[in-house]
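Below: the structure, in structure tokens.
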Amino acid sequence: MLYSYNILVFGDEPVKKSVDRLLRYGYDAIELVGEPDRYDWEETRKLIADGGFQAASVCNIYSGEQRDLTSADPEKRENAVKYVTKTISMAEAVGAGTVIIAPTENMRIKRELPSAEDEWAMAVENIRRCAREAEKRGIQLVIEPWNRFETHLVNRLEQAVQLASDVDMPNVAIMGDLFHMNIEEANIPRAIRDAGKWLRHTHIADNQRDLPGKGHLDWPEIIKALKDIGFTGSLVLEYIPPHADPYFAFREKVDDSVYDEHARYAIEFMRDLVERE
Ligand code: LER
Ligand code: MN
């Protein structure tokens, strides 16, 4: 298992500062924000390569109407495919092997297409189109289920597995975000074991999206389940301040004096658990 951190959490600070922080505390991997215009791709590639990270990933931001793979508006769907394709190009350019994909805009919680079957078929078709682009560049896509207040379509790991299996491409798998899983899964360790080999990436946060260990999730049981399925992907810390809109907090100025302490605490907490359990 690799220890990683979603640098979305560090607001708009320069990527070099985030990279230096993660290296200082011993992280193996880094997750970039899926905003391709925000980065100088060549500079970022160099920072990742020189830092010696073992892996990198891109957390796409499906916020805003133009990033919706299953919208009723064909133009929006095409824009969404273009957006994902651009993040795939960025991933290739910076040396990241994983890109996160989600079939609806974030916080759209109602179907727009005429039937559930139409919507599912559209999700399959458009994820497959993105996956073909990713395949050419040696990149895997992981489908992220979100809780019911952020999407109506894929809320649980088993639904993500169904979607990945319908897309039927070798470079499409799934991920789990413990915050969303706490809301939607009946039993988190069982959901992890049922997903098995499909689960390739995780977002780590406690039940209320705080740092792990600050809430009531049963971390030893979660780590045991990940070990049982032979999980070798990244444990990506995704701390999000309390707000209904997950991105709102980062549009406001956040308190950057805690970034070092969070990064240090999170890897110590996770490493201790992984080594102990
Ligand atoms: C992103 O990783 C996430 O978990 C969502 O809540 C927002 O896109
Ligand atoms: Mn997440």
Side-chain angles (χ1 to χ4, degrees), residues 2-11 18 29-36 38 55-71 80 83-84 87 91 96 98-109 123 127 130 140-157 159-160 163-164 173-185 188 191-192 195 199-212 215 217 222 226 231 233-252 254 262 266 270:
L2 303 176
Y3 304 102
S4 183
Y5 215 102
N6 185 348
I7 65 169
L8 170 73
V9 164
F10 300 143
S18 304
I30 181 168
E31 186 150 294
L32 303 171
V33 184
E35 293 295 356
R38 173 169 166 170
S57 48
V58 179
C59 182
N60 281 2
I61 310 293
Y62 297 92
S63 181
E65 300 191 322
Q66 300 299 319
R67 295 180 177 181
D68 192 331
L69 291 166
T70 54
S71 165
Y83 163 67
V84 179
T87 62
T98 299
V99 172
I100 296 174
I101 194 158
T104 71
E105 178 194 345
N106 187 252
M107 300 187 77
R108 175 162 72 78
I109 54 170
I127 292 176
C130 298
Q140 73 168 345
L141 301 181
V142 287
I143 300 171
E144 181 175 25
W146 296 331
N147 74 74
R148 66 192 67 181
F149 307 107
E150 294 185 36
T151 185
H152 61 289
L153 192 53
V154 173
N155 302 126
R156 298 186 305 283
L157 299 197
Q159 296 168 307
L163 186 53
I174 76 151
M175 63 172 286
D177 176 323
L178 272 305
F179 165 72
H180 299 300
M181 291 173 75
N182 173 63
I183 297 171
E184 299 297 343
E185 305 290 351
I188 294 177
I192 292 171
L199 190 71
R200 309 261 176 90
H201 197 72
T202 60
H203 276 167
I204 299 293
D206 221 309
N207 61 289
Q208 80 289 42
R209 248 182 171 169
D210 203 338
L211 299 167
L217 287 188
I222 290 165
L226 288 170
F231 181 81
S234 293
L235 304 172
V236 186
L237 210 289
E238 189 180 65
Y239 161 81
I240 309 239
H243 197 279
D245 174 351
Y247 304 114
F248 175 84
F250 306 108
R251 283 185 213 118
E252 298 290 290
V254 285
H262 283 185
M270 298 310 296

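As the structure lists them, so they are numbered: ligands from 1, and atoms in each ligand from 1.
- A heavy-atom distance below 4.5 Å is found between the side chains of His201 and Glu31.
- Take Tyr5 and apply the ring pair (Phe, Tyr, Trp, His ring centres under 6.0 Å) test, not counting sequence neighbours, and it matches Phe10, Tyr27.
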Short N or O contacts of ligand 1 with protein, under 3.5 Å, listed by atom name?
from: ligand 1; atom 1: 2 (O); to: Glu144; atom 2: OE1; distance (Å): 2.9
from: ligand 1; atom 1: 2 (O); to: Glu144; atom 2: OE2; distance (Å): 3.2
from: ligand 1; atom 1: 2 (O); to: His203; atom 2: ND1; distance (Å): 3.1
from: ligand 1; atom 1: 2 (O); to: Glu238; atom 2: OE1; distance (Å): 3.3
from: ligand 1; atom 1: 2 (O); to: Glu238; atom 2: OE2; distance (Å): 2.7
from: ligand 1; atom 1: 4 (O); to: Glu144; atom 2: OE2; distance (Å): 3.1
from: ligand 1; atom 1: 4 (O); to: Asp177; atom 2: OD2; distance (Å): 3.0
from: ligand 1; atom 1: 4 (O); to: His180; atom 2: NE2; distance (Å): 2.9
from: ligand 1; atom 1: 4 (O); to: Arg209; atom 2: NH2; distance (Å): 2.8
from: ligand 1; atom 1: 4 (O); to: Glu238; atom 2: OE1; distance (Å): 3.2
from: ligand 1; atom 1: 6 (O); to: Glu150; atom 2: OE1; distance (Å): 2.5
from: ligand 1; atom 1: 6 (O); to: Glu150; atom 2: OE2; distance (Å): 3.4
from: ligand 1; atom 1: 6 (O); to: His180; atom 2: NE2; distance (Å): 3.0
from: ligand 1; atom 1: 6 (O); to: Arg209; atom 2: NH1; distance (Å): 3.3
from: ligand 1; atom 1: 6 (O); to: Arg209; atom 2: NH2; distance (Å): 3.0
from: ligand 1; atom 1: 8 (O); to: Tyr247; atom 2: OH; distance (Å): 2.3

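- Protein N/O/S atoms found under 2.8 Å from the Mn ion (ligand 2): Glu144 OE2, Asp177 OD2, His203 ND1, Glu238 OE1.
- Contact of the Ile174 side chain with the Val154 side chain is not registered, since no non-hydrogen atoms from C-beta on lie closer than 4.5 Å.
- Contacts of Ala56 classified as side-chain contact (heavy atoms from CB on, under 4.5 Å), with partners at least two apart in sequence or in another chain: Ile30, Ile48, Ala96.
- Of the possible donor and acceptor atoms, none in the side chain of Ser57 sits under 3.5 Å from a partner among the backbone N and O of Thr98.
- Checked against Met181 for a side-chain contact (heavy atoms from CB on, under 4.5 Å), the options Asn155, Ile188, Asn147 give a single hit: Ile188.
- Val236 has its side chain out of reach of Met175: every pair of non-hydrogen atoms, C-beta onward, lies at least 4.5 Å apart.
- Between the side chain of Thr151 and the backbone N or O of Leu153, at least one donor-acceptor pair lies under 3.5 Å.
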Assess the residue pair Ile101 and Leu69 against the criterion (side-chain contact (heavy atoms from CB on, under 4.5 Å)); give the C-alpha distance rounded to whole Å, side-chain angles, the decisive distance to 0.1 Å, and a yes or no.
CA-CA 10 Å; Ile101 194 158; Leu69 291 166; 3.9 Å; yes
